[in-house]
Amino acid sequence: MTSPVTRMPVAVIGAGAIGRMHLERLLSHPDVAPAAVADPAPASRDYAASIGVPWFADYRELLERTPLGAVIVATPNHTHAEVGIACIERRLPVLMEKPVTDTVAQGRLLCEAAAAANVPLMVGHQRRHNPILRSARALLADGVVGRPVSVTAMATWLKPDSYFEPAWRRQAGGGPVLINLIHDIDLLRFLIGEVESVQAMTSNAVRGYEVEDTAAVLMRFACGALATLSVSDTTVAPWNWDLAAGEAAHYAQLDVNSHYISGTEGSLTLPRLDVWRYGKERGWHEPLTHSRTPVHRADPYVEQMRHLRAVAEGRETPVCSGPDGLRTLEAALAVQEAARSQRPVSV
Ligand SMILES: NC(=O)c1ccc[n+]([C@@H]2O[C@H](COP(=O)([O-])OP(=O)(O)OC[C@H]3O[C@@H](n4cnc5c(N)ncnc54)[C@H](O)[C@@H]3O)[C@@H](O)[C@H]2O)c1
């Protein structure tokens, strides 16, 4: 498809870690361009100046004074509903960073506002835009594993000590369940459907912060599959999507898998897309055949921006809509509730 001639002006509200990643991509994207940045932090003003983009301390002023085609909201979770609703009130399509909000009640408010105004709301679960995940989805739809039965997902890696300098990353809600595992939950929802119930244990034994550093999670999916998810940000390990898939250029791409889906007809790994199946004869004494589906490496954040413009112009429907992102949030919050109550939680 040819690129539109004029780039759509897009604002970024919140120019921290992920906001700057979006801005870097906006600078060179053929379909969209950075129109303005809003972030009260002085470091963000300096950053905006360094890339030649107008800066506002107050996002409301940015929204009043800047012609825009869409907005990317990359502020802390507890501000998502307020900022998102302000954009929707101005009829601006929104790409909301994940999690859609920090509570289900806030998420409902935001989704209702978007639906009532008929303004597109997308959630930044960028893995859905990764060609690997799209190929995995096609393989599953083709029936390579048959009926999914058993899933193992790993999200184990090491966050450096400097990561924990901002206080919110040491407090409840700032840990790997809501920051990282939520992406794995969304990935599995995208591939095998809705989560029905959750059991979980969490631990803060290594770092000793208020927030969890490790979690073990069991999930039952509506399709009947059972999943085991392991997450820890204290371990020296390569088994996580970011490193295995090479999701962004600042991650090395390691030749490992992080997600394993076993079914009645075969099994599939991600991100390498290894498929294991039987020939004519089935049974554990028979030889399994192995094949690997090649995929090209592409930056899902860049594709997400192309999609943002297409959605804003009504040419595509959101790959991850507000209500879809809200269901992922509900499952992630169920993990926390299950760990707290030590009981299974229905989603
Ligand atoms: N999709 C992903 O892979 C991914 C990765 C990282 C973070 N995130 C999400 O992005 C959001 C931001 O995370 P981060 O790691 O970039 O955080 P961060 O703390 O690095 O940056 C947040 C920025 O928002 C600014 N801010 C706070 N309140 C604001 C307001 N009212 N108006 C404008 N700016 C405001 C802060 O000054 C800060 O610069 C979170 O929701 C997080 O979950 C998503």
Side-chain angles (χ1 to χ4, degrees), residues 11-25 36-48 53-64 66 71-87 94-103 106-107 110 122-130 133 155 157 159-160 162-171 173-187 211 233 240-243 245-251 299-305 307-308 319-320 325-326 328-329 332-333:
V12 175
I13 301 180
I18 193 75
R20 292 180 191 204
M21 279 183 60
H22 287 308
L23 282 158
E24 279 165 27
R25 285 157 180 78
V37 172
D39 190 318
S44 300
R45 181 191 54 210
D46 298 345
Y47 175 74
V53 175
W55 171 85
F56 297 84
D58 187 335
Y59 73 87
R60 292 178 203 85
E61 199 186 337
L62 179 156
L63 295 177
E64 289 300 328
T66 317
V71 180
I72 298 175
V73 179
T75 53
N77 303 346
H78 68 276
T79 65
H80 285 188
E82 176 207 304
V83 178
I85 289 171
C87 297
V94 174
L95 169 57
M96 179 63 68
E97 260 308 338
K98 49 54 58 176
V100 59
T101 48
D102 59 343
T103 66
Q106 293 273 295
L110 178 61
M122 305 162 54
V123 183
H125 283 293
Q126 77 281 349
R127 290 185 192 177
R128 293 187 184 211
H129 297 279
N130 194 314
L133 214 56
W157 70 105
K159 287 179 182 164
S162 58
Y163 176 90
F164 296 94
E165 280 161 17
W168 69 268
R169 289 180 172 153
R170 288 175 263 134
Q171 295 160 357
V177 170
L178 272 188
I179 300 293
N180 310 101
L181 190 71
I182 192 168
H183 279 299
D184 297 287
I185 295 171
D186 189 71
L187 179 158
V211 73
D233 63 22
N240 60 84
W241 176 264
D242 293 327
L243 287 175
E247 182 94 322
H250 58 270
Y251 293 116
D299 183 332
Y301 298 97
V302 172
E303 166 58 16
Q304 186 173 245
M305 296 219 168
H307 178 61
L308 170 62
V319 165
C320 187
L326 184 56
T328 293
L329 174 68
L333 291 174

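Heavy atoms only: backbone and side chains are in, while hydrogens, waters and symmetry mates are out. Order of appearance sets the numbers: ligands from 1, and atoms from 1 within every ligand.
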Against heavy atoms of [X], which atoms of ligand 1 measure under 4.0 Å?
X	answer
Pro99	43 (O)
Arg169	15 (O)
Tyr301	3 (O)
Gln126	1 (N), 2 (C), 3 (O)
His183	1 (N), 2 (C), 3 (O)
Ala41	37 (O)

Which residue holds the protein heavy atom closest to [atom], what is that atom called, and what is the gap in Å?
atom	result
atom 28 (N) of ligand 1	Pro76 CD, 3.8 Å
atom 22 (C) of ligand 1	Ala74 O, 3.8 Å
atom 40 (C) of ligand 1	Asn77 OD1, 3.2 Å
atom 33 (C) of ligand 1	Ala38 O, 3.5 Å
atom 21 (O) of ligand 1	Gly16 CA, 3.2 Å
atom 44 (C) of ligand 1	Glu97 OE1, 3.1 Å
atom 34 (N) of ligand 1	Pro40 CD, 3.4 Å

Nearest heavy atoms of [X] and [Y], plus distance in Å:
X	Y	result
Ile18	Ala74	CG2-CB, 3.7 Å
Val94	Cys87	CG2-CB, 3.5 Å
Tyr301	Met21	CE1-CE, 3.5 Å
Ile182	Leu178	CG2-O, 3.1 Å
Ala36	Leu62	CB-CD1, 3.5 Å

Ion pair Arg60/Glu82, N-O distance below 4.0 Å: yes
Full working for side chain to side chain contact (heavy atoms under 4.5 Å, CB included) between Leu329 and Asp102: CA-CA 8 Å; Leu329 174 68; Asp102 59 343; over 6 Å; no
Best match, [options]: closest heavy atom to [atom]:
atom	options	result
atom 16 (O) of ligand 1	Ile18, Val37, Ile72	Ile18
atom 9 (C) of ligand 1	Lys98, His22, Glu82, Arg127	Lys98
atom 29 (C) of ligand 1	Val73, Thr75, Ile179	Thr75
atom 17 (O) of ligand 1	Tyr163, Tyr59, Trp168	Trp168

Heavy-atom donor-acceptor pair, His80 side chain to Pro99 backbone, under 3.5 Å: yes
Side-chain heavy-atom pair Glu97, Val73 within 4.5 angstrom cut-off: no
Close side-chain approach of Trp168 to Asn77, heavy-atom, < 4.5 Å: no
Ligand 1 N/O within reach of [X] N/O, cut-off under 3.5 Å:
X	result
Asp39	yes
His80	yes
Ala17	yes

Residue-ligand contact Gly124/ligand 1, heavy atom below 4.0 Å: yes
Inter- and intrachain pairs under salt bridge (charged side-chain N to carboxylate O under 4.0 Å, His left out), touching residues 173-187, at least two apart: Arg127-Asp184, Arg128-Asp186, Asp186-Arg189
From CA spacing to verdict: side chain to side chain contact (heavy atoms under 4.5 Å, CB included), Leu308, Gln304: CA-CA 6 Å; Leu308 170 62; Gln304 186 173 245; 5.9 Å; no
Can you list, pair by pair, the side-chain donor-acceptor contacts under 3.5 Å of residues 37-45, counting residues two or more places apart and other chains?
unit_1: Asp39; atom_1: OD1; unit_2: Ala41; atom_2: N; d: 2.9
unit_1: Asp39; atom_1: OD1; unit_2: Ser44; atom_2: OG; d: 3.4
unit_1: Asp39; atom_1: OD2; unit_2: Ala15; atom_2: N; d: 2.7
unit_1: Asp39; atom_1: OD2; unit_2: Ser44; atom_2: OG; d: 3.1

